[in-house]
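Count residues from 1 along the sequence. The model shown is predicted, which means the values in this text are computed figures rather than measured ones.
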Amino acid sequence: MYNSIRPGKTWYDTEGKRIQAHGGSIICVDGTFYWYGENKEGVTGTATGERCKFWHHGVRLYSSKDLYNWKDEGIIVPESEDENNPFYPSTIMDRPHILYNEKTKKFVLWAKTAKGGFKNAVFSVCEGDTLFTLEYKGDALFPSTRAGDFDLFTDGDSAYIVYENPHSEMILQRLTDDYTQLTDAFSSHIQRECPPLVREAPCYFVRNGRKFILTSGTTGYFPNPTIAYDITAMSGEWKELGETCRGDKNRNSFHAQFSSVFRHPFKKDLYIALGDRWLTDLTEDLPDMEKVFYDRYSGKNEGVFDFSKIGRLSEENTDEADYVWLPVRFDENGNPYLEWLREWNTDDFD
């Protein structure tokens, strides 16, 4: 049994198998923690010498009482045998997020899905009376934008989605009362020229009345610096707070990309940033990936790296991706930051 969290180490469930809950989040139900995410079991990229035809094998769920030891509860959104279903295993399916709707007494799961490539991305929605009875209900997307990495959250009586409109901006949009569709109430933020400057992978959380998101730059699975924003004025100005990871000498978020921030319900001030170490085979001679992506998408072609060879930099064997979970710290101004810990324990927090 584990008695601590060990960022970057391979994490096994209570049956001794690799945990497969990538791009994940945690929800607490009746005192039990449930960790869910993309099941990348057998998704080997090019590690076998041929490109793996699968992107995922459904959404997998784990349960725990201590956040260290996780029991595999199985697949809660299975892969579909229907090629037209967004949960078909060769279709892109990223970053599932779940909200519980107190009004409807339903659990609602959203995922970014994309058949035929990211340019076709939409939000696919599932709903159920429990975490174990989720069923696909359809897709939702406001027609003036496209789906990108996202987070879901509630604020007062309303629920919201914050997401990247790919390669351009961040969108904040209100959901319908049943949490299954988008309304036309939205605002645009963090407009940027092109990748990697455009922000993605937003992770929302609230502390002492202030609302924050952590964000990643757009460099695919290659890690880059995390930047935090104060979004307390949700439909107004979002204030950039700078790079979040202190002592991050390689400026790659401790070789991770964060997918959510979980506020521990039984600790006074414990917020956990959940991250994935997607690529475990990167070498020391890796080029500056921010520059590689900027040269590719800005059209300035100032780089010396041939972007068509980017697939040679990693096998993208996400079956072997690891996790980087770190507590969010707060400075004297109440702004969030992260520091590397080789090992840590929730008992270190009140």
Determine whether the aromatic ring centres of Tyr221 and Trp278 lie less than 6.0 Å apart. yes
When every non-hydrogen atom of Met170 is compared with those of Glu164, the smallest separation belongs to SD-N, 3.6 Å
Identify whether the distance between the nearest side-chain nitrogen and carboxylate oxygen of Glu169 and Arg192 falls below 4.0 Å.
no
Distance-only donor-acceptor pairs under 3.5 Å for side chains of residues 318-328, two or more places apart:
from, atom 1, to, atom 2, distance (Å)
Thr318, OG1, Val43, O, 3.4
Asp319, OD1, Gly42, N, 2.7
Asp322, OD1, Thr10, OG1, 3.4
Asp322, OD1, Arg18, NH1, 3.2
Tyr323, OH, Ile19, O, 2.6
Tyr323, OH, Ala21, N, 2.9
Tyr323, OH, His22, ND1, 3.4
Tyr323, OH, His22, NE2, 3.2

Taken to the nearest 0.5 Å, the spacing of Asn335 CG from Thr244 OG1 works out to 9.5 Å
Between the CG atom in Leu172 and the OH atom in Tyr204, the distance rounded to the nearest 0.5 Å is 9.0 Å
- Go through the side-chain N and O atoms of Asp82 and Ser80 and say whether any donor and acceptor fall under 3.5 Å apart. no
- prompt: If you count the non-hydrogen atoms of other residues, nucleotides and ligands that lie under 6.0 Å from NZ in Lys103, is the total more than 12?
  reply: yes
Q.
Pair Asp347, Lys267 - check salt bridge (Lys or Arg N to Asp or Glu O under 4.0 Å), show working.
A. CA-CA 9 Å; Asp347 289 339; Lys267 301 287 184 178; 3.6 Å; yes
**Asked** When you check the side-chain N and O atoms of Glu343 and Ser4, is any donor under 3.5 Å from an acceptor?
**Response** yes
Exercise for review: Take Tyr136 and Asn85, measure what side-chain contact (heavy atoms from CB on, under 4.5 Å) needs, and give me the verdict at the end.
Suggested key: CA-CA 9 Å; Tyr136 171 57; Asn85 188 294; 3.9 Å; yes
TODO: Give a yes or no on whether a salt bridge exists between Lys112 and Asp149, defined as a side-chain N under 4.0 angstrom from a carboxylate O.
DONE: yes
Lys NZ or Arg CZ of Arg263 over Phe205 ring: under 6.0 Å, within 45°:
no
ask   = Above 12 or not: heavy atoms from other molecules or residues under 6.0 Å from CD of Glu240?
value = yes
message = In terms of relative ring orientation, are His56 and Phe87 parallel, tilted or perpendicular, with 30° and 60° separating the classes?
response = perpendicular
*asked:* For the residue pair Arg174 and Tyr160, would you count it as a cation-pi contact if the rule is NZ or CZ under 6.0 angstrom from the ring centre and within 45 degrees of the ring axis?
replied: no
For this session: Carefully, step by step, assess Thr346 and Tyr68 under the rule side-chain hydrogen bond (donor to acceptor under 3.5 Å, both in side chains).
Result: CA-CA 9 Å; Thr346 60; Tyr68 312 138; 3.0 Å; yes
So the side chain to side chain donor-acceptor pair (under 3.5 Å) pairs with at least one residue in residues 27-36 (sequence neighbours excluded) are Thr32-Lys65
Closest non-hydrogen contact found for Leu214 with Ala228 is CD2-CB, 3.8 Å
_Once you measure the plane-to-plane angle for Tyr297 and Phe293, does it fall in the parallel (<30°), tilted (30-60°) or perpendicular (>60°) bin?_
parallel
Heavy atoms of Gly217 and Asn224 approach each other most closely as N-OD1, 2.7 Å
Closest non-hydrogen contact found for Phe262 with Pro265 is CZ-CD, 3.6 Å
Practice problem: Under the side-chain hydrogen bond (donor to acceptor under 3.5 Å, both in side chains) rule, what do Glu200 and Thr218 come out as? Steps first, then yes or no, please. | Solution: CA-CA 6 Å; Glu200 66 175 7; Thr218 41; 5.7 Å; no
Closest non-hydrogen contact found for Tyr229 with Arg199 is OH-CG, 3.8 Å
(message) Regarding Asp151 and Arg95, does a basic nitrogen lie under 4.0 Å from an acidic carboxylate oxygen?
(response) no
Next on the checklist: Which label fits Tyr2 and Trp11: parallel for a plane angle under 30°, tilted from 30 to 60°, or perpendicular past 60°?
Outcome noted: perpendicular
message = If the threshold is 4.0 Å, N to carboxylate O, is there a salt bridge linking Asp129 and Lys105?
response = no
Heavy-atom nearest pair, Ala121 first then Ala147, reads CB-O, 3.4 Å
Could Glu38 and Lys40 be called an ion pair, given the rule that one side-chain N must be under 4.0 Å from one carboxylate O?
yes
**Message:** Is there a path of hydrophobic side-chain contacts, each under 4.5 Å between heavy atoms of I/L/V/M/F/W/Y residues, joining Tyr100 to Leu61?
**Reply:** yes
Could Asp13 and Arg60 be called an ion pair, given the rule that one side-chain N must be under 4.0 Å from one carboxylate O?
no
Quiz prompt | Over 12 foreign heavy atoms within 6.0 Å of NZ, Lys9 | solution = no
How about Tyr163 and Phe123: are their ring centres within less than 6.0 Å of each other? yes
Where do Asp281 and Ser314 land on the side-chain hydrogen bond (donor to acceptor under 3.5 Å, both in side chains) test, with the steps shown first? CA-CA 6 Å; Asp281 62 345; Ser314 172; 2.8 Å; yes
>> Any salt bridge linking Lys71 with Glu15? Criterion: basic side-chain nitrogen under 4.0 Å from a carboxylate oxygen.
In response: no
### Task
Kindly check if the number of other-residue, nucleotide or ligand heavy atoms within 6.0 Å of CG (Asp157) is above 12?
no
| said: Check the orientation of Phe150 and Trp110. Use parallel for under 30°, tilted for 30 to 60°, and perpendicular for over 60°. | reply: tilted
